[in-house]
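For reference, the structure is listed below as C-alpha cells.
In this text the structure is predicted, and so the values were computed from the model without any measurement. Throughout, protein chains are lettered first and strands after them, A, B, ... in sequence-line order, and every chain is numbered starting at 1.
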Number of protein chains: 2
Amino acid sequence: MPVESSRIPRVPSSAPAAARGLRADARNNRNRILDAARETFAALGLDVPMSEIARRSGVGAATLYRRFPTKEALVTEVFADQLSACVSVVDEALADPDPWHGFCSVIEKVCAMHAVDRGFTAAFLSAFPDAVAFEEERVRAERGFAVLTRRAKDAGRLRSDFAQADLTLVLMANGGIATGSTEAALAASRRLVAYLLQAFRADHADPAEPLPPAPPLGLHHVHRPPTA
Amino acid sequence: MPVESSRIPRVPSSAPAAARGLRADARNNRNRILDAARETFAALGLDVPMSEIARRSGVGAATLYRRFPTKEALVTEVFADQLSACVSVVDEALADPDPWHGFCSVIEKVCAMHAVDRGFTAAFLSAFPDAVAFEEERVRAERGFAVLTRRAKDAGRLRSDFAQADLTLVLMANGGIATGSTEAALAASRRLVAYLLQAFRADHADPAEPLPPAPPLGLHHVHRPPTA
DNA sequence: TGATAACTGGACGAGGTCTTCCACTTACCT
DNA sequence: AGGTAAGTGGAAGACCTCGTCCAGTTATCA
C-alpha cells in the first residue's frame, strides 16, 4: 500500500495557488469570501468595511483575516482575474484582422468592465502597491495596445496624434462615470466611449485645431491619494 | 445724540449674509477659515479632517464648529462662489455672438475649474443635500446651457443628437481626471475636452454609427454614495 | 474511534474622524 | 475704565474602521 498517496494532499491543481493544501471547509470559506467580496466591491466600491464582507460571507472577521492578512491582499486577489480579463481583451484584439475594430473593441470592452464594477475602477486607478505582482501582465497589455495603436494608425483609421497616454486618459475619464445604478453607469460609459472613439478617428482630426499636449501619464503612474 | 446710531451694527453689507453682525475678530477668523478651507479642499479633496483646516486657519476646533455647525456647511459655503462662477460662465457664453464658440467655452472653462480644484469636483458631483440652496442657480445654468445647445445646433455646428444630459456626462468624465499634480490634471482635462469637443462637432457625426442612447441623468440626479 | 492540529467566531485594542463641552479670554458698548 | 456677552482653545465623547486574540469546534489521519 503506497503510503505516499495519503501524504500527498488532494490538490485541485487547477485552483489558485493560495487555495492549495487548505482543509475542505477552509477552502470553501475562502471561495465564499472571494465571491462575497467580488459582489460587494462591484456594487459599493472598495470602501466597504471588512466586517461587511465577513458578514456577507457568513464567516467571522478572524477567518477573513486568516485567509487575507490585509484588506489590500483581498482586493488584489479579487481583481486578479479581472485584470487578466483585461489583458486577454488586448490579445483578442491583436488577433482581429481589422486594426481599427480591434482598437475600438479594447476601449469598449475595458470601459464596459470598469463601468459595471465600481471596485474594479478604483482598484485599477489606485494602483495598489501589490500590483507589482501584475507588472508583467500590465506591461504585456501596454505593449499589445501599442501595437494596436500603430496598426490602426498605419491603416489610416486612427488619428496620428493619438498618444499612448490617451488610453490612461480614457480610463480615468470612464472611471468618473459612477452613478447609482449599474445600468445607468453602463449606458453613460457606452455613450462616452462612442463620443471618444469618434474623436479618435483619423478623418476627424482637424489640422486647424491641434490637440493640447498629452500629459506625461502612464497607467503605472496613476496614483490616487488614499484619502481623496 | 442719536442713540440709534450705536445700536445699528456696522455691517459691511457687501459681505455674505452669514458674516453680518459678527464681532470683528470672529469675522476675521471666519474669513481665515474659509481661505484655508478653500486651499485645502482644492489641493487635497473634501476628505481632509476638519482638524487640519482648523490648524491651517490658526483657530481651534470649537471656533470652526461655531462658524460652521457641520462639515457639510463649510463645504457648501466654500464652493458657493465657485458655483456662481460656473453660472456666470454660462451667462458670458450666452452673450457670445458665436454659438459654437460659446458652447465650447462653457465646457472648457467649467472643466478647467474642476480640474484645478479637487474638492470642487467632489462637491459638484456629490450633490450634497444643502445644495438645494443653489437650486435656483443650477436651474438657471441648465436653462442657459439649453439655449446654448439649441443655438449651436441651429447654427449647424453642434451635432443634432447631442443630449442635454451629455453635459453631465462630460463633467463626470472630467471628474475622473485626478492626478498628483494640478498641472498634470489640467493638461489631461484639456486634452480630454479637446477630444470631446471634436466629437461634438456636427460634421463629425457619423450617421452610420448612431450614438448609444443618453442615460436619463441630470446634474441634480448625480448622487455619489457617501462611502465610495 | 480518538488524538491532534487546524480552523472558526465573537470580543477586544489601536487609530482616526466628526462633533461637543467648559473654563478662560477678548472685543464691544456705556 | 468696566461690565458683559460673545468668542476661543484644548480636551474629551461618540462612532467607525482595520487588524488581533483566545476559547471552542471541526476536519483530518492513524
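- Taking atom CZ of Arg27(A) as the reference point, atom P of dC7(C) lies 11 Å away to the nearest angstrom.
- A salt bridge does not link Asp35(B) with Arg32(B): none of the charged nitrogens is closer than 4.0 Å to a carboxylate oxygen.
- Contact check of residues 50-63 of chain B against DNA chain D (heavy atom, cut-off under 4.0 Å) returns Gly58(B), Val59(B), Gly60(B), Ala62(B), Thr63(B).
- Each of Ala24(B) and Pro69(B) was matched to the nucleotide of DNA chain C holding its nearest heavy atom; the match closer to the 5' end belongs to Pro69(B).
- Dashed line: the shortest gap from a side-chain N or O of Asn29(A) to OP1 or OP2 of dC7(C) is not under 4.0 Å.
- Whole-Å rounding puts the Phe68(A) CZ to dG19(D) P distance at 14 Å.
- In this structure, Asp47(A) places its CG atom 13 Å from C1' of dC16(D), rounding to the nearest Å.
- One interatomic measurement links the two molecules: NZ of Lys71(B) to P of dT19(C), which rounds to 8 Å at whole-angstrom precision.
- Between Ile107(B) and Leu196(B), the closest side-chain pair of non-hydrogen atoms is not below 4.5 Å.
- Rounded to whole Å, atom P of dC21(C) lies 16 Å from atom CG of Leu64(B).
- Residues Leu74(B) and Leu64(B) have side chains in contact (heavy-atom distance under 4.5 Å, counting atoms from C-beta outward).
- Salt-bridge check for Arg67(A) with Glu77(A): failed, with every basic side-chain N at 4.0 Å or more from each acidic carboxylate O.
- Contacts of Phe120(A) classified as ring-ring contact (aromatic ring centres under 6.0 Å, His included), with partners at least two apart in sequence or in another chain: Phe79(A), His114(A), Phe124(A).
- Considering only residues two or more places apart in sequence or on other chains, Arg66(A) meets the side-chain contact (heavy atoms from CB on, under 4.5 Å) condition with none of them.
- Within the 4.0 Å cut-off from OP1 or OP2 of dT20(D), not a single side-chain nitrogen or oxygen of Tyr65(A) is found.
- Residues satisfying the salt bridge (charged side-chain N to carboxylate O under 4.0 Å, His left out) criterion with Arg56(B), sequence neighbours excluded, are Glu52(B).
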Short N/O separations, protein against nucleotides 23-26 of chain D, under 3.5 angstrom:
| from | atom 1 | to | atom 2 | distance (Å) |
| --- | --- | --- | --- | --- |
| dT26(D) | O2 | Arg23(A) | NH1 | 3.4 |

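- Close to dC7(C), at under 4.0 Å from its OP1 or OP2, lies a side-chain N or O of Arg67(A).
- For the OP1/OP2 pair of dC18(C) and a distance below 4.0 Å, the side-chain nitrogens and oxygens of Thr70(B) include no atom meeting the criterion.
- In summary, of the residues considered (Arg140(A), Lys109(A), Arg143(A)), a salt bridge (Lys or Arg N to Asp or Glu O under 4.0 Å) with Asp91(A) occurs for Arg140(A) alone.
- For Phe103(B), the ring-ring contact (aromatic ring centres under 6.0 Å, His included) partners at least two apart in sequence or on another chain are Trp100(B), Phe145(B), Phe162(B).
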